[in-house]
Asker: 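What follows is a single structure, and I will ask about it in a moment.
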Amino acid sequence: MPLTIVRNDITKMDCDAIVNAANNTLLGGGGVDGAIHRAAGPELLAECRTLGGCDTGRAKITNGYRLPAKYVIHTVGPIWQGGGHGERELLASCYRESLRLAVENGCKTVAFPLISAGVYGYPRAEALRVAMDTCSDFLMEHDMMIYIVVFDRGALLVSEKLFADIRSFVDDNYVERHEDNNRKRLFGLFGARKESAMPAAEAMHNAEAAKADFEECSMMAESAFHGAALPTSLVNAINQIDESFSQMLLRKIDEKGLTDAQCYKKANIDRKLFSKIRSDVNYKPKKITVIAFAAALELTIDETRDMLMKAGFALSHSSKFDIIIEYFISHGRYDIIEINEVLFEFDQPLIGG
Ligand code: AR6
């Protein structure tokens, strides 16, 4: 996944470069700056003294000394003054300038803290959005692995409204004991008397519900058997029954008029992984990869389920991850950055590959 959010202490990140949220003097301070100087040792401060400070929105590079990272890129974020003083542009410039230095120094993996989101007061959700948007624009032109490192559990990283909407969608749909419910239904059908904890009326209700499900399935099977007025989507599905995941993906890319690169970049998928999928007709992707492609291709929820099925997966209501994905896809919200921010907030795996 070229761009991902992780929860960690940035001084522990084993990357080519980590980025420091410094001040104009570059002579150390509190927050992440203090942590980086402590972990790197006094040689870092000695090198910083030779740099002559740094302007806001710009960046300078040093060695990493005792850090696992080879380099430290020092950048100076803007102090938040309400948002009307060019803060967004200056913050975006911090990410762009740091990445430019990373490229010049041959870095392939870079980790950023949320610049300006501590002492400098930039609202966290907005600071994360600037970080993600700027890094994802950069990745349209470059191959690199970028980590956005979030340290503490503090204010929300997504808007309160979106968080509340998704939490209630998850609460309404989450079935914690999915299998147990099915077992209960079966007991209702075949062994109500053995399950003494289940009242007779509930057992009867379950039996009726199961019978209705069964009858509905039988009717559908029968109408399919006689070829009666099959919906076009079903006919298409039957025609494409032998299509593999890889074939379906390439077909959908063509149908949507995208180039391969537009699709895999939008999906937050690494170019090498995409080539593997392209060249192996029977490639078995991970679920997070399939979902990323479904979002990049802006598939409907049915098409998404279909694509997942090709890779041997399904969306279920006993998984919070699946319900969150269902929320976004069924609401036609396909912004992978936003989906990943929400997944991160709910401690779920991120999508991409
Ligand atoms: N790893 C990852 N992130 C961290 C760590 C860590 N070890 N420690 C803190 N953060 P801040 P700023 C997060 O205040 O707002 C310094 O004194 C933190 O939770 O370090 O750009 C400089 O010298 C927050 O989300 O940087 C400047 O004077 C983010 O890093 C001033 O602070 C940035 O918080 C810069 O302020």
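Hydrogens, waters and symmetry mates play no part in the numbers below; they use all other heavy atoms, side chains included. Just so you know, ligand 1 is whichever comes first in the structure, and atom 1 is the first atom listed for that ligand. In what follows, residues are counted from 1 in the order of the sequence shown. Please read all numbers here as calculations on a predicted model, not as lab measurements.
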Asker: Among all protein heavy atoms, pick the one closest to atom 21 (O) of ligand 1 and tell me residue, atom and distance.
Answerer: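 Scanning the protein heavy atoms, the shortest distance from atom 21 (O) of ligand 1 goes to S116 N, 2.8 Å.
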Asker: Decide whether a cation-pi geometry holds between K284 and F245; the criteria are a distance under 6.0 Å from NZ or CZ to the six-membered ring centre and an angle within 45° of the ring axis.
Answerer: no
Asker: Between I10 and ligand 1, is there a nitrogen or oxygen pair with a distance under 3.5 Å?
Answerer: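 Yes.
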Asker: Judged by modelled atom types alone, do T25 and N23 share a side-chain donor-acceptor pair under 3.5 Å?
Answerer: yes
Asker: Give the atom numbers and elements of ligand 1 that come within less than 4.0 Å of a heavy atom of D152.
Answerer: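 Those of ligand 1 that fall under 4.0 Å from D152 are 19 (O).
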Asker: Side chains of S246 and S244 only: does a donor on one sit below 3.5 Å from an acceptor on the other?
Answerer: no
Asker: Under 3.5 Å, is there a donor on one side chain and an acceptor on the other for T259 and Q262?
Answerer: yes
Asker: Taking only heavy atoms of D9, which atoms of ligand 1 are found under 4.0 Å from at least one of them?
Answerer: 1 (N), 6 (C), 7 (N)
Asker: Just to confirm my output: which protein heavy-atom neighbour is closest to atom 33 (C) of ligand 1, and how far is it?
Answerer: L114 O, 3.2 Å
Asker: So which protein heavy atom does atom 20 (O) of ligand 1 come closest to, and at what separation?
Answerer: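 That would be V32 N, 2.8 Å.
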Asker: Does the plane of the ring in H74 sit parallel, tilted or perpendicular to the ring in H37? Use 30° and 60° as the thresholds.
Answerer: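 Rings of H74 and H37: tilted, as their planes differ by 30° to 60°.
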Asker: Which heavy atom in A296 sits nearest to a heavy atom in K266, and how many Å separate them?
Answerer: O-NZ, 2.9 Å
Asker: If you scan the protein for heavy atoms around atom 35 (C) of ligand 1, do you find one that is closer than 4.0 Å?
Answerer: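 At least one protein heavy atom is under 4.0 Å away.
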Asker: By the definition side-chain contact (heavy atoms from CB on, under 4.5 Å), identify the one residue from L51, N20, I73 that meets it with T62.
Answerer: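 Exactly one pass, corresponding to L51.
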Asker: For ligand 1 and R124, I'd like to know whether there is a polar contact (N/O to N/O, distance under 3.5 Å).
Answerer: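 Such a contact does not occur with ligand 1.
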Asker: Hey, does the side chain of D270 reach the backbone of P2 with a donor-acceptor pair shorter than 3.5 angstrom?
Answerer: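 No.
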Asker: Which protein heavy atom lies closest to atom 26 (O) of ligand 1, and at what distance to 0.1 Å?
Answerer: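 Result: A21 CB, 3.7 Å.
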Asker: For atom 27 (C) of ligand 1, what's the nearest protein heavy-atom neighbour? Residue, atom name and distance, please.
Answerer: Y120 OH, 3.6 Å
Asker: For G30, counting its heavy atoms only, list the atoms of ligand 1 lying under 4.0 Å from any of them.
Answerer: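 Here the atoms of ligand 1 in question are 16 (C), 17 (O).
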Asker: Would you name the heavy atoms of L114 and L128 that are closest together and state the gap between them?
Answerer: CD2-CA, 3.7 Å
Asker: How far is atom 14 (O) of ligand 1 from the closest protein heavy atom, and which atom is that?
Answerer: V119 N, 2.8 Å
Asker: List the closest protein heavy-atom neighbour of atom 15 (O) of ligand 1: residue, atom name, distance to the nearest 0.1 Å.
Answerer: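 Of the protein heavy atoms, G118 N, 2.8 Å lies nearest.
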Asker: Please determine if D33 has a nitrogen or oxygen closer than 3.5 Å to a nitrogen or oxygen of ligand 1.
Answerer: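 Yes: some nitrogen or oxygen of D33 is under 3.5 Å from one in ligand 1.
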Asker: Taking distance alone, with N or O pairs closer than 3.5 Å, would you say G31 contacts ligand 1?
Answerer: no
Asker: Starting from atom 4 (C) of ligand 1, find the nearest protein heavy-atom neighbour and note its residue, name and distance.
Answerer: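 Closest protein heavy atom to atom 4 (C) of ligand 1: F151 CB, 3.4 Å.
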Asker: Mind telling me whether F169 and H331 have parallel, tilted or perpendicular rings, with 30° and 60° as the class edges?
Answerer: perpendicular
